[in-house]
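In what follows, a structure is listed as C-alpha cells, so that the remarks can point back to it.
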Amino acid sequence: MGPPLRPNQCRSRLGAPPSLPAVCGRVARNPGLQVGMAAFAATAGRLLGLRAAGTEGRLLRLRGAGLQWALLQPASATGDAAQRRQVAHFTFQPDPEPQEYGQTQKMNLFQAITSALDNSLAKDPTAVIFGEDVAFGGVFRCTVGLRDKYGKDRVFNTPLCEQGIVGFGIGIAVTGATAIAEIQFADYIFPAFDQIVNEAAKYRYRSGDLFNCGSLTIRAPWGCVGHGALYHSQSPEAFFAHCPGIKVVVPRSPFQAKGLLLSCIEDKNPCIFFEPKILYRAAVEQVPVEPYHIPLSQAEVIQEGSDVTLVAWGTQVHVMREVASMAQEKLGVSCEVIDLKTILPWDMDTVCKEECFLNLEAPISRVCGYDTPFPHIFEPFYIPDKWKCYDALRKMINY
Amino acid sequence: MRKMLAAVSRVLSGVAQKPASRVLVASRNFANDATFEIKKCDLHRLEEGPPVTTVLTREDGLKYYRMMQTVRRMELKADQLYKQKIIRGFCHLCDGQEACCVGLEAGINPTDHLITAYRAHGFTFTRGLSVREILAELTGRRGGCAKGKGGSMHMYAKNFYGGNGIVGAQVPLGAGIALACKYNGKDEVCLTLYGDGAANQGQIFEAYNMAALWKLPCIFICENNRYGMGTSVERAAASTDYYKRGDFIPGLRVDGMDILCVREATRFAAAYCRSGKGPILMELQTYRYHGHSMSDPGVSYRTREEIQEVRSKSDPIMLLKDRMVNSNLASVEELKEIDVEVRGANQWIKFKSIS
C-alpha cells in the first residue's frame with residue numbers, strides 16, 4: 001500500500017485541523033490498521049469535499065478512494081501546488097446584519113438569488129423564469145424549488161440557444177409580463193449581444209414609448225472562479241457599458257444581490273444582472289427574508305478615507321478592502337473604498353465630482369486583467385489580486 | 001514462497017513480462033480479412049446509402065482496436081488525474097464514443113480537415129497527436145499541444161481545428177474551412193462536428209444554408225449521445241431526427257457504436273462531397289459513459305441501468321473485439337496483449353517528465 005506516513009507529511013497533504021495529523025501519525029505507526037486508515041481517509045475526504053465544494057462548484061466531490069490514493073503518495077511539489085491553488089485571491093467580508101428589513105436568515109449568494117426570485121414570483125403573477133437547466137434548480141442552484149412551488153408554466157427550460165432565449169425574453173416583456181432570463185454563463189451571452197443591444201436597448205426609444213421591454217431581466221454567472229479558463233470566467237460588463245437603454249448591475253454580496261436583483265426586476269428598463277460565481281457559496285451573510293430594494297445607479301462608500309479612492313465592483317470589492325487595510329497598515333495611507341454596484345448608468349457623483357480632475361494629485365490608475373483571453377493555467381498571474389492593486393496604489397502615492 | 005515473492009517483486013517493479021501466449025499467437029493462422037454485415041443507415045434525400053457489408057483486414061482491425069483502447073484508457077486516466085486535481089478546469093470525456101473518432105478517421109485521409117466541439121480528446125489523438133502531448137495539455141504544461149494554454153477544450157493539430165468551448169460556434173468555421181478546401185481544389189473535405197445540444201443553435205442553420213448554396217465539401221456530423229449536458233434529446237428538440245435537420249441537405253443516420261458502420265458511412269459521405277455535390281449530414285448515434293464533464297456524475301438525468309445496458313450490449317471496443325475473434329482475425333490473447341500494452345505503457349506513469 002505504500003510507505004507509512006510521517007505526521008508532517010499528512011499535514012502538508014491535507015492542511016487539516018490540528019487534531020487530524022495526530023490521528024494520522026498514530027495510524028501510520030500501526031500498518032495493520034488498514035480499516036482505520038480507510039475510515040480516516042473517508043472522513044478527511046468528506047471534510048475536504050465540503051471545502052472543495054465551496055471553491056469548485058456544486059457536483060465536484062473529493063471521493064474517499066481518491067483521497068486515499070493521494071494520502072499514500074509521498075508529498076510532492078505537484079501536490080503542494082494543487083493545494084496552494086485552492087486558496088482564493090480574496091476573503092469575503094460580510095456586512096453587518098441589516099436591521100431595517102425585518103427577520104434575516106443566513107444565506108449564501110445563490111440562496112439570496114433564490115429568495116429574490118421567490119419573492120418576485122410570489123408578488124408578480126406574470127413573472128416567469130427561463131433558461132438552460134433552470135427547471136431542476138440550475139447549474140448553480142439559483143432556482144432550486146421554484147418550479148415545484150410555482151409550476152412548470154412559470155419556471156421552464158429552454159433549448160441551447162442564447163440568442164433565442166433573449167429574443168424570446170424581449171417578446172415576453174413587450175407584452176407586459178415579467179421575464180427573468182438566465183444565461184448559463186456570462187461567457188455565453190455573446191450570441192445574444194445583438195438582441196440585447198439592437199433590440200432590447202432600443203425598443204422604447206424606437207417605438208416612441210409605445211412599446212418597451214422594461215420588464216426583462218437577464219441574469220448570468222460572472223467572473224473568475226479559479227479554474228474556469230477561457231469560457232467560464234469572463235466579465236463582459238464592459239461590452240455593455242456603452243449601450244444606452246439597458247442597465248448593468250454587479251453585486252458584491254448576498255444582501256446586496258437580493259436587493260439589487262429585486263430592483264432590476266422591477267426597474268422599467270431591461271437589466272443585465274451579473275452574479276459573481278465565485279461568491280455563490282463563498283459569500284455567506286444575514287439576508288432579510290422579505291423583499292427589499294437597493295437602489296440602482298447608486299454607488300456605496302463602504303469605507304471612508306481621505307487619501308486615495310478605490311473603486312471596484314463584484315468580487316473585487318473584497319480585494320480592495322484588503323488593499324485598503326494593507327495601505328493603512330504599511331503606508332499609513334487612508335483609502336476610500338467605493339462599490340460601484342451599477343455599471344450602467346453609473347453613479348458619477350459619488351465617484352467623482354465634475355471638477356475633480358483639477359484636484360487629482362496623480363493620474364487615475366486601472367488595475368485589471370491583461371490584454372489576453374482569460375487564461376487556463378495562468379489565472380493566478382492574470383487576475384488583479386491585492387498585490388497588483390497595492391503596487392498600483394504605491395506608485396500612485398509616490399507619483 | 002519464493003514464487004510469491006518473485007511475483008510481488010515483478011508487480012512492484014512494473015516490468016511487463018513477455019507472456020507465454022506470444023509464442024502461441026505467432027504460430028496460429030489468422031484470416032487476412034473478413035466480411036461483415038453492418039446496419040443499414042436511415043437516409044434523407046438520398047437514393048442510395050453506404051454499403052451494408054464491409055471488408056475488414058486483420059491489420060486494420062488491430063489498428064482500430066489499439067486506437068480505441070488507447071482513447072478509452074486515456075480518458076479513464078484523465079478521469080483519475082482530474083480527481084487527484086492534477087487536471088483542473090473543465091474536462092469532457094468521450095469514453096463510449098471511441099467508434100466515432102476512430103471510425104471517422106478511418107474513413108478520411110490525413111489531408112482532410114476536422115473540427116469539433118469540446119469533447120475532443122479522442123479526435124486530438126486520432127488526428128495524430130500523442131497521448132503525452134494530450135495529457136500535458138490537460139495538465140497545463142508547456143509540452144502540451146497548445147503549450148498548456150488551452151486545456152481540455154482547446155487542443156489543435158495539423159488539419160484539426162480544435163477543440164471549441166462555445167457550443168455551435170465551430171460549425172460556421174467548418175463551413176469556412178470547406179470553402180477553403182473547394183477553393184484550393186485539392187479534393188479535400190471538412191468534417192464539422194457538433195452535438196445534439198448544439199443542433200438547436202441558430203448558427204448551425206446559417207452554416208447549412210451557406211454550405212448548400214455554395215456546394216461546399218462539408219460533412220456536417222451530429223454526434224448524438226442522447227443528452228445535451230443533462231437534457232435528454234426529447235426535452236430539447238422539436239425534431240430528434242438530427243440527420244434530417246439539414247432539410248435541403250441530404251442526410252444519413254449511422255450506428256455510432258459500430259466502428260465499421262461509421263467508417264463506411266464516412267467513406268460514402270466523403271465520396272459524395274468530393275464529387276462536388278455539396279454538403280452532406282451524418283448523425284452518429286452514440287453514447288457517453290461519463291457525465292457531461294467531470295463535475296457531472298451523469299446519473300441524475302439517466303439511470304445507471306441505462307448506462308450499464310449500453311456498456312454490456314453496445315460497447316464499441318467489445319463489438320470490434322467480438323467480430324475479430326469470431327471471424328478468426330485475431331485471438332483473444334492477442335487482443336489482451338494489446339490491452340496490457342496500452343494500459344502498462346510508460347506514458348502513464350512518469351508524469352513529472354511531461355513539461
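This one's a predicted model, so the numbers in the text were calculated from it and none came from an experiment. Lettering follows sequence order; numbering is per chain, from 1.
Note on Gly89(B), Gly230(B), Ala199(B): by heavy-atom pairs under 4.5 Å with chain A, the leading option is Gly89(B).
A cation-pi arrangement is not found for Arg226(B) relative to Tyr287(B), the charged atom failing to lie both closer than 6.0 Å to the ring centre and inside a 45° cone about the ring normal.
For Glu162(A), the parts lying near chain B are the backbone and the side chain together; criterion is any non-hydrogen pair under 4.5 Å. At a 4.5 Å heavy-atom cutoff, the contact between Ala198(B) and chain A is made by backbone atoms alone.
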His292(B)/Tyr118(B) under ring-ring contact (aromatic ring centres under 6.0 Å, His included): CA gap, chis, key distance, verdict: CA-CA 10 Å; His292(B) 161 73; Tyr118(B) 46 77; 5.5 Å; yes
Could you go through Tyr231(A) and Phe374(A), starting from their C-alpha distance and side-chain angles, then the distance that decides it, and tell me whether this counts as ring-ring contact (aromatic ring centres under 6.0 Å, His included)? CA-CA 8 Å; Tyr231(A) 298 113; Phe374(A) 199 104; over 10 Å; no
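Aromatic ring centres of Phe125(B) and Phe160(B): separated by at least 6.0 Å.
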